[in-house]
Trainee: 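Right, I'll just put the structure down here and ask away after.
Keep in mind the model is a prediction, meaning the values are calculated, not measured. In this chain, residues are counted from 1 in sequence order.
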Amino acid sequence: MVELTSMPPHPPGPAAPAPELLDEIAQRVLWLSTRIIDHANHDRVNADGLKVGGHQASSASLVTAMTALWFAHLDAADRVSVKPHASPAFHAIQYLLGRLDRSKLTTLRSRAGLQAYPSRTKDVDGVDFSTGSVGIGAAAPLFAAAARRYVDAHFGARPASRFVVLMGDAELDEGNIWEAIADPATHGLGNVMWVVDLNRQSLDRVVPGIRIHQLKAQFEAAGWHVVEVKYGPRLLAAYQQVPQLEQWIDAMPNERYQSLFGLDPAALRERFLDGAPSAVLDHCAGLGDSELAELVTDLGGHDVTAMLQAYAACDAETERPSVVFAYTVKGWGLPTAGHPRNHSALLTGEQIAALRERVGLSEAREWDRLDPTSEAGQWAAVRAEHLRRDPVRTGTPLPVPTTTGLRPTKAMSTQEAFGRILVELSRHEGVGRHLVSTAPDVATSTNLAGFINRMGVFHPSDQHQWSPDPLVKWVEGPGGHHIELGISEMNLFLLLGMLGLSWDHHDQVLLPIGTLYDPFVLRGLDAFVYAAYSKARFVVAGTPSGVTLAPEGGAHQSTITASVGLELPNTTLLEPTYAVALDWLLCHALGKVADPGPADAVGHVEDGCYYVRLTTRALDQAPFEAARERLGELTLHRQVLAGAYRLVDAGQRDGAPVVQLAACGAVMPEVLTAAAELAEEGVLAHVVDVTSADRVYAAWRRTLRQGIRTATTPSIPGAVRAAFDLSAPVVTVQDASSHSLAWLGSALGVPAVPLGVDAFGESGTVADLYEIHDLSAGCIVNAALAALDLARGR
Ligand SMILES: Cc1ncc(C[n+]2csc(CCOP(=O)(O)OP(=O)(O)O)c2C)c(N)n1
Ligand SMILES: [Mg+2]
C-alpha cells in the first residue's frame with residue numbers, strides 16, 4: 001500500500017502566554033467589535049434612514065474562541081472560515097495584529113468598507129473563506145482540506161495547514177452540513193477542526209431542548225473526533241465539591257438557564273436556586289451574589305485555557321476531522337448577554353460608555369491598538385510576525401492549447417465530444433497533470449468514463465481493484481485524477497469551488513472539471529453561487545440538459561438552468577451546438593481557469609467559472625464544417641469564442657423578406673430544416689448559432705453601460721454585428737425557458753419571437769417533446785412568419 005506523501009510537521013509557534021494576557025486581549029477584541037458596529041449605526045451619517053445593523057451579541061459569543069485562535073494557536077499556513085455574524089470580531093483581531101488600517105474600523109457595512117459578512121473578494125484583511133449563507137461557509141473548509149489532500153498527493157506536500165471553522169450552532173440545522181461530513185471524499189481529514197459556538201440561541205430564539213447528545217452522536221457516526229468544552233474552571237472546581245450542582249445545571253431547561261445571563265446578581269440567585277436541592281442551596285449560601293453569578297455563568301467556551309486545550313486535542317487527532325462544541329453565551333460580556341432577542345440588538349450609548357470604561361479606555365483612545373510597550377501589545381507583535389503570509393506565487397502559465405484538434409467524422413453529441421476532448425487533454429503534456437474531475441455519482445452517465453479510465457480515481461492510499469468490468473478501469477490511489485463523490489450536488493459545487501480556489505489556498509493552479517445532470521444544478525445552487533461569489537475557477541458541465549432528454553421525463557428535464565448560468569455573476573454560460581465549437585470553447589475556458597489574464601480593451605476580465613450545457617442528441621456536424629469553409633477557421637474560431645456566428649447565411653435578394661433564426665444546442669436540426677423550408681417559400685432565413693448567450697448579452701450590457709455612464713449613444717458590440725443582421729426580425733430557439741434568449745430582440749433592435757420550454761417536461765420522443773413545446777421545424781417556420789408580420793406592422 002502506497003501511503004500519501006507524509007505531511008511536514010507543524011512548525012512550533014511561540015509558546016502560549018498566560019491566560020490573563022489572552023483575557024486582556026479578548027476584552028479589547030470584545031470592545032472593538034462592539035464599537036465597530038455601534039459606530040456604524042449611531043455615529044456614521046445615515047442618509048438612507050435604513051438600519052445599518054450588525055450583530056454585537058453573535059460576535060461577542062466567539063470572542064474568546066477567536067482570541068485564543070489568533071493569539072495563541074494559528075500558524076501562517078492555516079485557513080479559517082469565520083461565522084458570518086462574527087465578522088466584527090475578525091476585523092478587530094486583524095486590526096490588533098496590524099493587518100487592517102485604523103481608518104477601516106469606522107467603515108463597517110459601508111461602500112468600500114468592511115463587508116457585513118467576511119468576504120474573500122471585498123475585504124482587505126485576509127479573509128480565507130467568504131461566509132454569509134449559513135452552513136455553506138462552514139462546510140467549505142472541509143472541501144478545501146480535501147483539495148489540499150489532492151494537491152499534496154499530486155504536486156508534493158506544502159507547508160501543513162489546518163482548516164478551521166468557527167460556526168454558529170444553528171448552522172447545524174442546515175442539511176448541507178450533514179451531506180458534507182457524510183461524503184467519503186471528506187473522510188479522514190485530520191487537519192480539519194470545526195468550532196461550534198454553542199450559545200444555544202439562533203436568530204429568533206433560545207433553542208428549546210438540548211440536542212447535544214444527538215449532535216455528538218451524528219458527528220461520531222460520521223467518523224469525527226468530538227470534543228466538548230462545556231464548563232469553565234470555576235464550575236468544574238465547584239462540581240468536585242458538590243456533584244449535585246452539576247446535575248442541577250445539566251437538568252435545567254435551556255430557556256431558564258439562558259435567562260440567568262440577563263439578570264442582576266440578586267435576581268439571578270433567586271431564579272437559579274428556585275427548587276434547587278439542599279446541597280446546592282447550602283453551597284451557594286456561602287457565596288455572595290456576584291460570586292454566584294460568575295460561577296453559574298462560567299462556561300468553557302469563554303475560558304481561553306479550556307479552548308486552547310481543546311484545540312491541542314484536535315491537533316493530536318491526525319486521522320479524523322474534529323469538532324469542538326464550545327459552550328458560550330450569546331452577548332458574552334455585554335448587557336444583552338443571553339437575552340432571547342439579542343441577535344440584532346444594539347447597545348445604547350450609555351451601555352457603550354460603560355463598556356469603554358470597563359476595558360479602561362477613554363473616548364480619545366477608544367480606537368487604539370494595544371499599547372505596543374505593554375505585554376499585550378508586545379505579544380500582538382510576536383503573533384503578527386508568526387502569522388505573516390507570503391503573497392501567493394504566480395507560477396509559470398499552463399500551456400493549455402487552443403484546440404485538441406478534434407475532427408468528428410460522424411454525427412456527435414456535445415456530451416460525447418466533451419468526453420473525447422477531456423481524454424485528449426489528459427494526454428497533453430503540461431495540462432493533463434493539472435486536470436482534476438469530479439462528479440456526484442454520475443461520472444459514467446455524463447461521459448467521464450474515458451477520462452477516468454486513463455487518469456484513475458483519487459484515493460489517499462492505493463486500493464485493490466475488485467471490479468470485474470473490463471470497461472470500467474477505476475484504479476484508485478494517490479495518483480488518480482477523478483474525485484468521486486456521493487450523490488450530493490451541494491457537495492459537488494462545494495468541492496469544485498474549493499478546487500477552484502486551489503491557486504490561493506494551496507498555491508497550486510488546478511484545472512477542475514465537474515459534471516452533473518443539468519436539472520440538478522439547482523440542487524447545488526447555493527454552493528454554486530457561493531463558489532462564484534468566492535471567485536473560484538472551474539468548468540462544470542450540466543449534461544444532459546433540456547427536454548431533448550426526451551424519454552427521461554419532466555423530473556430530469558432542465559428548463560431554467562440556462563437562465564441561471566446567464567445571470568450568475570463570475571460565471572460564463574456556454575451552450576455550443578457542434579463538437580469543434582465545444583472543443584475551442586473548453587480549451588479557451590481552461591486557459592482562463594489556469595489564468596484569467598488581463599482585462600480587455602474596455603476593462604472587462606472574465607474571472608470565474610464556466611458552465612457548459614450539453615446534450616446527448618447526436619447532431620450532423622456538416623453545417624459547422626460548411627461554416628468553417630465559408631468564414632475561414634480564424635474568423636469562425638474568434639466568433640465562436642465571442643458567443644455567436646452565422647451558421648447559415650441566406651444571402652441577399654432584392655425585395656425578399658429576411659428573418660434570422662438564433663438558436664443554440666440540440667434544437668439546431670429543426671432550426672436548419674425551418675430555414676430550408678422558409679427558403680422554399682421565398683424567405684431568406686439566416687441561422688445564427690449562439691455558442692454563448694452569456695457573452696453576447698454581457699457585450700451588449702457593456703456597451704449600454706458605457707453609453708449610460710458617458711451619456712453617449714451606445715455602440716453595437718462587435719460580437720453582435722459580426723453574427724447577426726441588425727434589421728431582420730429574429731426568432732430565438734433554445735431547449736430552455738424561452739426567456740433566456742428573448743432579450744436578443746432588444747439587443748438587435750428588431751421584433752423578436754422567442755421559442756423555448758416554459759412548462760415542465762414529460763416523457764416522449766424528441767419529436768414529441770419538440771412538438772409539445774413549439775420547437776418543431778413547422779413551429780419555427782410559423783414563428784419566423786410571425787416575426788416578419790410583427791416587423792411589417794411596425
Ligand atoms: C442560509 C441562511 N439562512 C438564514 C440566514 C439568516 N440567519 C442569519 S444568522 C441566523 C441564526 C444564526 O444562529 P447561529 O448559527 O446559532 O449563530 P449565533 O447564535 O452565533 O448568532 C439566521 C437564521 C442566513 N444568514 N443564511
Ligand atoms: Mg447560536
Side-chain angles (χ1 to χ4, degrees), residues 143 146-147 150 183 185 404 406 412-426 432 434-458 472 474 480-500 510-525 527-528 531-532 536-546 548-549 552 556-558 561-562 564-565 568 571-576 579 582-583 585-587 589-590 593 609-617 665-666:
F143 290 91
Y150 179 91
D183 200 294
T404 66
L406 177 73
M412 190 179 279
S413 72
T414 44
Q415 179 173 301
E416 185 187 347
F418 175 76
R420 286 172 183 246
I421 293 162
L422 288 191
V423 169
E424 275 313 307
L425 284 171
S426 73
H434 297 264
L435 287 170
V436 48
S437 68
T438 179
D441 198 28
V442 291
T444 42
S445 48
T446 57
N447 225 18
L448 278 181
F451 176 82
I452 298 173
N453 282 350
R454 266 188 55 74
M455 303 293 274
V457 174
F458 177 70
V472 184
W474 280 27
H481 281 253
H482 172 76
I483 303 179
E484 180 71 1
L485 292 164
I487 292 181
S488 162
E489 287 77 15
M490 191 69 89
N491 286 349
L492 171 77
F493 281 104
L494 275 164
L495 179 59
L496 275 177
M498 292 304 112
L499 291 169
L510 293 175
L511 300 173
I513 296 184
T515 62
L516 78 167
Y517 291 175
D518 195 57
F520 307 133
V521 161
L522 303 174
R523 193 71 188 260
L525 190 54
F528 192 177
R537 308 204 299 251
F538 58 83
V539 170
V540 64
T543 185
S545 60
T548 306
L549 188 58
E552 277 289 305
H556 278 59
Q557 294 167 350
S558 61
T561 50
V564 167
L568 191 58
T571 305
T572 304
L573 174 73
L574 309 169
E575 190 170 347
L582 175 65
D583 183 40
L585 286 161
L586 261 187
C587 287
L590 287 170
V593 167
C609 43
Y610 293 85
Y611 168 20
V612 206
R613 255 179 124 239
L614 307 176
T615 83
T616 47
R617 189 182 191 198

Trainee: Provide the closest heavy-atom pair for C609 versus A532 in the form atom of the first, atom of the second, distance.
Mentor: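 Closest approach of C609 to A532: SG-CB, 4.4 Å.
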Trainee: Report yes if some heavy atom in the side chain of F451 is under 4.5 Å from a heavy atom in the side chain of I513; otherwise report no.
Mentor: no
Trainee: To the nearest 0.5 Å, how far apart are OG in S426 and CZ in R454?
Mentor: 3.5 Å
Trainee: Can you give me the closest heavy-atom contact between D183 and A185, atom names plus distance?
Mentor: OD1-N, 2.8 Å
Trainee: Using the test salt bridge (charged side-chain N to carboxylate O under 4.0 Å, His left out), find all partners of E416 that sit at least two apart in sequence or belong to another chain.
Mentor: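 Once residues adjacent in sequence are excluded, the partners of E416 under the salt bridge (charged side-chain N to carboxylate O under 4.0 Å, His left out) criterion are K410, R420.
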Trainee: Side chain to side chain contact (heavy atoms under 4.5 Å, CB included) for R537 and Y610? Distances and angles first, verdict last.
Mentor: CA-CA 8 Å; R537 308 204 299 251; Y610 293 85; over 6 Å; no
Trainee: Looking at every heavy atom in both H481 and G432, which two are closest together, and how far apart are they?
Mentor: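 So the minimum-distance heavy-atom pair works out to CE1-O, 3.4 Å.
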Trainee: Does any N or O in the side chain of S437 come within less than 3.5 Å of the main-chain N or O of G514, such that one atom is a donor and the other an acceptor?
Mentor: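 Answer holds: no.
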Trainee: How far does CG of N447 sit from OG1 of T616, to the nearest 0.5 angstrom?
Mentor: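 These two atoms lie 10.0 Å from each other.
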Trainee: Rounded to the nearest 0.5 Å, what's the gap from NE2 on H482 to CE on M455? Could you check?
Mentor: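 The distance works out to 12.0 Å.
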Trainee: Excluding sequence neighbours, so at least two apart, what forms side-chain contact (heavy atoms from CB on, under 4.5 Å) with A536?
Mentor: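 Once residues adjacent in sequence are excluded, the partners of A536 under the side-chain contact (heavy atoms from CB on, under 4.5 Å) criterion are L501, A531, F538.
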Trainee: Under the rule for side-chain contact (heavy atoms from CB on, under 4.5 Å), what residues qualify as partners of A147, not counting sequence neighbours?
Mentor: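 Scan of A147 (side-chain contact (heavy atoms from CB on, under 4.5 Å), adjacent residues dropped) gives L499, H506.
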Trainee: Mind checking what makes side-chain contact (heavy atoms from CB on, under 4.5 Å) contact with V564, not counting sequence neighbours?
Mentor: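 Only L522, L525 meet the side-chain contact (heavy atoms from CB on, under 4.5 Å) criterion with V564.
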Trainee: Not counting sequence neighbours, which residues clear side-chain contact (heavy atoms from CB on, under 4.5 Å) with T446? List them please.
Mentor: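 Per chain and number, T446 pairs via side-chain contact (heavy atoms from CB on, under 4.5 Å) with V442, L448, T515, Y517, T543.
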Trainee: If every non-hydrogen atom of S558 is compared with every non-hydrogen atom of G546, which pair is closest and at what distance?
Mentor: OG-N, 2.9 Å
Trainee: Mind checking the OH-CG spacing from Y150 to L495? Nearest 0.5 Å is all I need.
Mentor: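 Nearest 0.5 Å value for the OH-CG distance: 10.5 Å.
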Trainee: Under the criterion side-chain contact (heavy atoms from CB on, under 4.5 Å), which of D583, L585, L590 is the partner of I421?
Mentor: D583
Trainee: Which is it for T438 and E484 under the side chain to side chain contact (heavy atoms under 4.5 Å, CB included) test, yes or no, and what are the steps along the way?
Mentor: CA-CA 6 Å; T438 179; E484 180 71 1; over 6 Å; no
Trainee: If you count heavy atoms of other groups shown closer than 6.0 angstrom to CD1 of I487, is the number above 12?
Mentor: no
Trainee: Verify, without hydrogens or angle tests, whether S545 (side chain) and L614 (backbone) share a donor-acceptor contact under 3.5 angstrom.
Mentor: yes
Trainee: Supply the atom-to-atom distance D441 CG to E489 CD, rounded to the nearest 0.5 angstrom.
Mentor: 9.5 Å
Trainee: Before you tell me yes or no, could you show the steps for Y611 and V521 under side chain to side chain contact (heavy atoms under 4.5 Å, CB included), namely the whole-Å CA-CA distance, both residues' side-chain angles and the distance that decides it to 0.1 Å?
Mentor: CA-CA 10 Å; Y611 168 20; V521 161; 3.7 Å; yes
Trainee: For L492 and F520, run side chain to side chain contact (heavy atoms under 4.5 Å, CB included): C-alpha distance rounded to whole Å, both residues' side-chain angles, the deciding distance at 0.1 Å, then the answer.
Mentor: CA-CA 11 Å; L492 171 77; F520 307 133; over 6 Å; no
Trainee: Between R617 and T548, do the side chains contain an N or O donor and an N or O acceptor separated by less than 3.5 Å?
Mentor: no
Trainee: Any heavy-atom pair between the side chains of V436 and F458 that's under 4.5 Å?
Mentor: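 Not in contact.
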Trainee: If you look at every heavy atom in A443 and I452, which pair is closest and at what distance?
Mentor: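 Heavy atoms only, the tightest pair is CB-CD1, 3.6 Å.
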Trainee: For R613, give me all partners under salt bridge (charged side-chain N to carboxylate O under 4.0 Å, His left out), at least two apart in sequence or on another chain.
Mentor: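 Partners of R613 under the salt bridge (charged side-chain N to carboxylate O under 4.0 Å, His left out) test: D518, E575.
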Trainee: Where is the tightest heavy-atom contact between T444 and A449, given as atom of each residue plus distance?
Mentor: CG2-CB, 4.2 Å
Trainee: Output yes when a side-chain donor or acceptor of T414 lies under 3.5 Å from a complementary backbone atom of T615, and no otherwise.
Mentor: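 Yes.
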